[in-house]
Amino acid sequence: MITLGLNGFAGADHDAAAALVIDGRVVAAVEEERLNRRRHAPGDEPALAVPEVLRIAGVKTGDIDAVCHGWRPQALGLGLTERHTGEAIRDALASVDVAIPKATPVTFVDHHLAHFWSGVPFIAPGLARDEVDGLVIDGAGESTSGAYFRLRHGSVEKVWNLGLAGSLGLLYEAATSAIGFRRGDEGKTMGLASYGREQAMDRLPALPDDRFAGLIPVLGDRDEIRRQHRAGVLRMRALVPAGASFNRRADLALGVQSQVEAQIMGYLGEQTEVPAAFVLAGGVALNCSINATVARWCAGRGAALTIPPPANDGGIAIGAAVAASADPASCVAESAFLGRGFTPEEIRSRLAALGATPLDHSPGELADRLVDRDQICGWFEGRAEIGPRALGKRAVLARADSTRTRDRLNVLKGRESWRPLAPSVLPEEFEASFLGTPSPHMLINCAVATSALRPLAGVVHVDNTARPQVLGADLAEGPYVALLRELRQRTGHAVVTCTSFNPAGQPIVYSPEDAYRAAVAMGLDLLAGDGWCVSVPRP
């Protein structure tokens, strides 16, 4: 059975994406921003992502058994129906030469249920899936802002919905705007919170407990979400007026971070029985600091925490494709590397067409350049990862023990100097240098051991934490692991700074051409991959 999952039509105003599930296996997933080069693809449909996932999987439109979109149109308060929205989706896909046969159904699934299903395929192999709990928290779906799920023996139950009045995501977005960041910059607020002063932080009033059981209601007025967001921003701006100091803004960031975390832990604290697998999803699940607290809660109860790499709306397409499959509970994603892949030979050819001169290069030679010459490298290899974190396929790499290199890297990327960078590490390095729960997708903060503070100086945040990517079986014997082993021989630590490969304000690179242009624009020292290297000309 082949199911095509979508995000980016009615109700979705950002993070358009497409995904394919074939016989219970997630085989492809691509965010529209990677292809049209518009960060978060605001207001876009997955016009490029749908043809791309079909090409990746070698699937023709006639092979598709079902199409599913991760929103319920009738609940949006826009007067839409599933029939009319389904026809609009067919027409939009036909305009990009993806003609869905009339016999192929176009179905819809609740937005938050799609978030939950996006996490299930990433549950670690070997864990039973007959009992799974899940918490989804974001800004807003159709007419709600979260939900709690229980999956039992293939059947999923929604325990409660969280209404818009209790939206933790909208609260966090409002604080982000009031502090002076843009929409989508909630990660900056998370990083800034570590500089907040607990004795001076803003203790925000608790949101109402806006939970209820049953079906999601029809939203009476879609503008209600915008009004709530604007009201929240105005309240927050009274706490950080124009010209507020860095410390004052950090105090507000810590206040909202603390409140959202306390509310989430309150929801979890109500659970008397927790199964072996627990899924956390939704945009708020990209908050690595809150995730660390959830991970400790799960560890104390013997539950394995799963956070999908595209926990935000970029993952809705995966969840929709899973929901439409024959047995959603058994679907698997073998890795986060679900985009297009390029062979070393193809990469060399495409770079040469741009005027570059790819040369043979070994992991040992690259390690020497990172360590001995403090060089910063754009890394491009294999299939693109899904989600907002660089996971060793489309990344910028640097030595992890140098604050000077860290500062230069922040300048090249156009990042604020106070924002933390993150490392990729081998499992044995995690055990020796970190305290906490390992994450293969760079989504959980961990304390850095005192003995590792100096060797990891370039990736340690002000609160002595970092959010490491712990390399798993999907990268076990590839060139990225080989590089970390070479770095261990030179520095004693199998670790490299790994940050997303994109200039400020742009999506992560997807193609070899994207990578070369970004490397030139950013002023990186070199671009490298599996057995090859290009010296980057100065712009």
Side-chain angles (χ1 to χ4, degrees), residues 135-140 144-146 148 160 162-211 224-271 280 282-297 300 416 418-420 444-445 447 461-465 467:
L135 177 64
V136 174
I137 297 290
D138 61 9
T144 56
S145 65
Y148 195 93
W160 48 255
L162 180 61
L164 295 176
S167 175
L168 299 176
L170 286 179
L171 177 71
Y172 210 95
E173 288 178 19
T176 297
S177 295
I179 288 168
F181 301 137
R182 297 178 179 179
R183 183 186 184 191
D185 282 345
E186 286 73 29
K188 294 184 180 181
T189 302
M190 177 184 69
L192 185 63
S194 298
Y195 294 87
R197 301 163 294 183
E198 189 168 352
Q199 69 278 11
M201 77 175 184
D202 295 287
R203 302 187 186 277
L204 306 174
L207 294 176
D209 188 352
D210 193 23
R211 289 181 290 171
E224 177 185 341
I225 298 173
R226 299 182 182 91
R227 285 195 296 269
Q228 182 175 334
H229 176 67
R230 285 196 296 268
V233 173
L234 291 175
R235 288 195 301 270
M236 299 287 186
R237 281 182 178 162
L239 302 173
V240 283
S245 68
F246 178 87
N247 285 339
R248 188 72 198 87
R249 292 185 294 137
D251 294 340
L252 175 57
L254 178 59
V256 73
Q257 176 82 13
S258 300
Q259 167 142 350
V260 172
E261 179 176 302
Q263 192 67 59
I264 287 174
M265 297 314 298
Y267 296 147
L268 297 183
E270 298 172 357
Q271 309 309 314
L280 183 66
V284 176
L286 293 179
N287 191 303
C288 302
S289 298
I290 293 175
N291 293 350
T293 304
V294 175
R296 287 192 293 272
W297 180 86
E416 294 86 350
W418 47 265
R419 290 174 60 194
I444 300 176
N445 270 12
H461 198 28
V462 66
D463 57 0
N464 288 345
T465 67
R467 48 179 173 86

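FYI, the numbering just counts along the sequence from 1. Here the structure is a predicted model, which means the values were calculated and not measured.
Not counting sequence neighbours, the partners of V462 by the side chain to side chain contact (heavy atoms under 4.5 Å, CB included) test are S194, Y195. In this structure A165 satisfies the side chain to side chain contact (heavy atoms under 4.5 Å, CB included) test together with P208, D210, sequence neighbours excluded. Not counting sequence neighbours, the partners of R226 by the side-chain hydrogen bond (donor to acceptor under 3.5 Å, both in side chains) test are D223. With sequence neighbours excluded, the residues that form a side-chain hydrogen bond (donor to acceptor under 3.5 Å, both in side chains) with D251 are R197.
Using a 4.5 Å cut-off on side-chain heavy atoms (C-beta onward), L204 and R235 make no contact.
For residues 250-270, every residue pair satisfying the ring-ring contact (aromatic ring centres under 6.0 Å, His included) rule, not counting sequence neighbours, is listed here: W160-Y267.
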Please table the atom pairs, donor to acceptor, closer than 3.5 Å between any side-chain atom in residues 184-192 and protein atoms at least two apart or in another chain.
| residue | atom | partner | partner atom | Å |
| --- | --- | --- | --- | --- |
| D185 | OD2 | R182 | N | 3.2 |
| E186 | OE1 | G184 | N | 3.4 |
| K188 | NZ | E416 | OE2 | 2.9 |
| T189 | OG1 | T176 | OG1 | 2.8 |

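Heavy atoms only, all atoms of each residue included: L162 and I137 are closest at CD2-CD1, 4.1 Å. For M201 against S258, the heavy-atom pair with the smallest separation is SD-OG, 3.7 Å. Taking each heavy atom of R467 and C288 in turn, the nearest pair found is CD-SG, 3.4 Å. What you find for L171 and L207 is that their closest heavy atoms are CD2-CD1, 4.1 Å. In terms of heavy-atom proximity, L286 sits nearest to N291 at C-ND2, 4.3 Å.
Heavy atoms from other residues, nucleotides or ligands lying under 6.0 Å from CD of E270 number more than 12.
Side-chain polar atoms of T465 and D463 form a donor-acceptor pair below 3.5 angstrom. Side chains of N287 and E261: a donor-acceptor N/O pair is absent below 3.5 angstrom, by distance only.
When atom types are taken as modelled, the side chain of Q259 and the backbone of R203 share no donor-acceptor pair closer than 3.5 angstrom. Put simply, the side chain of S145 gets close to the backbone of G163: a donor and an acceptor are under 3.5 Å apart. Between the side chain of N464 and the backbone N or O of A447 there is no donor-acceptor pair closer than 3.5 Å.
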The test is side chain to side chain contact (heavy atoms under 4.5 Å, CB included); show your working for L268 and M265 and say whether it passes. CA-CA 5 Å; L268 297 183; M265 297 314 298; 4.0 Å; yes
